[in-house]
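Structure first, then comments.
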Number of protein chains: 2
Amino acid sequence: MSLEHLRRDLQYQYGPGASPLFVYSCATLVHNVRCYLDALKSMHSWKDVVFQGAAGVLAYSMKANGNPRVAAALLEAGVQRATCIHYCLDSITLASTPLPATSRWEVEEAVRGGSLLNVDSIFDACRVVEVATDVGLQAKLLLRLNPAIDALTHPYLSTAMADCKFGIEESQVKQVLGVLWSARNSVKVEGVHVHLGSAITDLSVYGNVMQSVSRVLYQIFHYNKPEQIRQFGWHDAAVVNLGGGLGVFPAPHQLPRDHPLALIDTGTSMDPTPTPADLMKVVLPLLPEGVTLILEPGRSLVASAGVLMTEILGVKTNGGKVFVVTDAAMTEVIRPALYSSKHPVTRLTQPKTDTILKEAAHLVDVVGPVCESGDYLAKDCRLPPPAVTQGDCLLVWMTGAYCSAMASNYNMRPHVMEVMVHGPANYKIIRRPQNFDDIMKEYQ
Amino acid sequence: MSLEHLRRDLQYQYGPGASPLFVYSCATLVHNVRCYLDALKSMHSWKDVVFQGAAGVLAYSMKANGNPRVAAALLEAGVQRATCIHYCLDSITLASTPLPATSRWEVEEAVRGGSLLNVDSIFDACRVVEVATDVGLQAKLLLRLNPAIDALTHPYLSTAMADCKFGIEESQVKQVLGVLWSARNSVKVEGVHVHLGSAITDLSVYGNVMQSVSRVLYQIFHYNKPEQIRQFGWHDAAVVNLGGGLGVFPAPHQLPRDHPLALIDTGTSMDPTPTPADLMKVVLPLLPEGVTLILEPGRSLVASAGVLMTEILGVKTNGGKVFVVTDAAMTEVIRPALYSSKHPVTRLTQPKTDTILKEAAHLVDVVGPVCESGDYLAKDCRLPPPAVTQGDCLLVWMTGAYCSAMASNYNMRPHVMEVMVHGPANYKIIRRPQNFDDIMKEYQ
Ligand SMILES: Cc1ncc(COP(=O)(O)O)c(C=O)c1O
Ligand SMILES: Cc1ncc(COP(=O)(O)O)c(C=O)c1O
């Protein structure tokens, strides 16, 4: 299914409500899952497994994209569980009870569902114990560690440094275990969890974290010292959940080629994207024997499967700068404003002649219609100016992760439509566009 | 109505769904409107008015807070119109047609409603002409100018610099007027509009913009040169819409005093907030005679009327830093992460003894439960550590503007409840909390 065809089809059905539009490729989702599963296969020669019959478990971090159809497609492709906020779900059957904003509900849900829960602090341990005792079921826990490692990414996306709010620093691990052990009928520690951060490109940080993880596993759980095992009892604790974090940096030549593209080069990094195989090369040699490894990536499973289609409202110049104003805005893609992230932008339809592309390109900003300067999709793109005009359609790539998931109704802008493309001729609307009544629904 | 009382009441009715919670004070809204109206009164000695029978018009920029009850309270208090996106509404009767994401619908709506529309560029002028011609009504327009002035605020909030996407630079004004004049049956230029930016504290920038505005009014509309007036015909164009932009920087002593506060000083600027009277002192001497002045503030009408109440989930330390983890997050208040803005945070309930406050205070970060380091409400607050614990309630001040309006469902977090307090004993729920079904509603 060509994107032009898709666009015409949806415009016919939905009029202006069909733009902007997130399009997800099911084939790319499947491909991304495959890459992880193939990389995890390298574990199969390993010792038999402790947790859920698999040495390597691939989970999906739903915060990257909460569309249930996206999660379902990943599960169908081989993802073994979807993780939502602080716990692993075995399927996407989210409860339909009202969501309180506190997380007691989440904890209860996780305990009842037999999910693996991450314990983040002493107070978190106390609460889990309290809830599990109330519920009367034994909660399965991982300790979320703070290994004091800089993930070498955007500060907002680095989540394991010493002075970050996340995880338990090593000096506090015993205290947390003490709290949990004293309630061992209600809780069971299965292992450890670390999430270094997101958009990581320098994989050496995973090597550092593995060293820290093994230290805690061995020193805290003391595999080789039976008297210590008895102290904390969980001698079969053997799960290491390494979180997510793999960055995605498509070089322009990595963009899908199944439709005509006129490239607006965004100066996106040309670094090759680190692959799950690269990750496993760093992690496996350092993984303690007999350990079950959980990976719960978000971005690297879904980012490259999503593209935002947006119509050009007009082109203007100010102060010698060219602005391409689109109908998409920071309300759909807040990542450039919030994380200074770069998304490649291309043109859906090919310009009339090839020669245009060879002309000296002007620098343009691709901006939305929201009245603030933070509302931009891409800055300083190269673009031959005669080639885009009002009504043309642009594609903003790598928008499958942390885009629709972070969308807002700022400026009364509705959440936009989402579509999943299945194979060459089929697509399915997996989120209808919001209308004004949807936005006003909760006001009383 | 004390906030403790309100909290207990809502917790009783809604359980955990009552936190976090935005509380708006109707009295503060009324007070903020009064300040503007009093300042505008200084215009009453002026020449008779051209537009809508008022020399000074106070509008409200709904993007700051889109809750219809907030806008209604402001209108009742004396605001003359509410502005929504690119146009002025005479009331809050927003159409309930589906909102397309492009702005053709907005333009049509504005033309049909007889609203004042801002024209932002040549392409915008062309579209307005097209829509007005289609609709068969004459559109009333202001030219949005780009005066090439730095508003001396956060770069994302500065919207009138030369290389900003906003407005028409002076060299292009005649071209835009040419486009509009050739369609003068469909459009009528009433004056000019400039919005310098937001969170402005140095009012001298308004002086600069007035000079630029008068230049365009006089040189372009050539009040004193009849032959030029004839060229563009709109000899009665006399509206200057100065936009919004007044910053709000409450010193801690300006925080409401009608309930016990234990102060967590956030290092918030102690600069006195600039007032509407200060603004008028700068603007009036430079306003061309006979001009109708429209102000359309957002933040300075609503920010100080709103407070976010949030419960402490727990307190933890990492790397020697203290983290107070609340049930509110960047999903409710994204301004610290996006604009590095500072919101004062205080404790709802008084600590047990006064002496605690006199102890050397630890520095704490107030953070939310969303898994990224950008999820914080305040950094490096001073706080006596024994005085807040799990279950305590914090107040995040100045959250009436650009907080709920920018909220997202990131991490599956529901939009939170909003309440308006009327007088000493009454409150009204003006937005019910979202539930899980609301979040899932558009998925198919
Ligand atoms: C605990 C945890 N696991 C996994 C992820 C997914 O990370 P990414 O999308 O970078 O793979 C996140 C995201 O922040 C997270 O917080
Ligand atoms: C055109 C226009 N007018 C008024 C405002 C309101 O600004 P403030 O909330 O800073 O008063 C904005 C906000 O960005 C705006 O874009």
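Excluded from the calculations below are hydrogen atoms, water molecules and symmetry mates; all remaining heavy atoms, backbone and side chain alike, are included. This one's a predicted model, so the numbers in the text were calculated from it and none came from an experiment.
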Any side-chain heavy-atom pair of [X] and [Y] under 4.5 Å:
| X | Y | answer |
| --- | --- | --- |
| B:F123 | A:K316 | yes |
| A:E442 | B:N67 | no |
| B:D438 | A:K441 | yes |
| B:Q172 | A:T317 | yes |
| A:M406 | B:T331 | no |
| A:N411 | B:M62 | no |

Most heavy-atom pairs under 4.5 angstrom with chain A, which of [options]?
| options | value |
| --- | --- |
| B:A18, B:S198, B:G314 | B:G314 |
| B:T326, B:I334, B:I168, B:N146 | B:N146 |
| B:T310, B:D375, B:N409 | B:D375 |
| B:S121, B:A405, B:G197 | B:A405 |
| B:D365, B:V325, B:L338 | B:L338 |

Assess the residue pair B:F166 and A:S373 against the criterion (side-chain contact (heavy atoms from CB on, under 4.5 Å)); give the C-alpha distance rounded to whole Å, side-chain angles, the decisive distance to 0.1 Å, and a yes or no. CA-CA 8 Å; B:F166 301 104; A:S373 296; 3.7 Å; yes

Please state whether the side chain, the backbone, both or neither of [X] comes within less than 4.5 Å of a heavy atom of chain B.
| X | value |
| --- | --- |
| A:V315 | backbone |
| A:E169 | both |
| A:H154 | neither |
| A:I122 | neither |
| A:R432 | both |
| A:F323 | side chain |
| A:M417 | neither |

In Å and rounded to the nearest 0.5 Å, what is the CE to CD distance from B:M420 to A:Q444? 13.0 Å

Measure the NZ-SG distance between B:K165 and A:C371 for me, rounded to the nearest 0.5 Å. 7.5 Å

To check you understand the geometry: which heavy-atom pair defines the closest contact between A:S408 and B:A407, and what is its length? CB-O, 3.2 Å

Could you pull out the closest heavy-atom pair between B:M440 and A:P68, with the gap in Å? CE-CG, 3.4 Å

With a 3.5 Å cut-off and no angle check, do the side chains of B:E372 and A:Y339 form a donor-acceptor pair? yes

Set of side-chain contact (heavy atoms from CB on, under 4.5 Å) partners for B:T153, sequence neighbours left out: B:A151, B:L157, B:S158, B:A199

Go through the structure and list residues passing side chain to side chain donor-acceptor pair (under 3.5 Å) with B:S341, not counting sequence neighbours. B:R335

If I measure from the heavy atoms of chain A, does B:M161 come under 4.5 Å with its side chain, its backbone, both, or neither? neither

Is it the backbone or the side chain of B:Y14 that comes under 4.5 Å from a heavy atom of chain A, or both, or neither? neither

When you measure from the side chain of [X] to the backbone of [Y], do you find a donor-acceptor pair of N or O atoms at a distance under 3.5 Å?
| X | Y | result |
| --- | --- | --- |
| A:Y156 | B:A337 | yes |
| A:K63 | B:V370 | no |
| B:K321 | A:C164 | no |

Select, from A:D163, A:I430, A:T159, the one with the greatest count of heavy-atom pairs under 4.5 Å involving chain B. A:I430

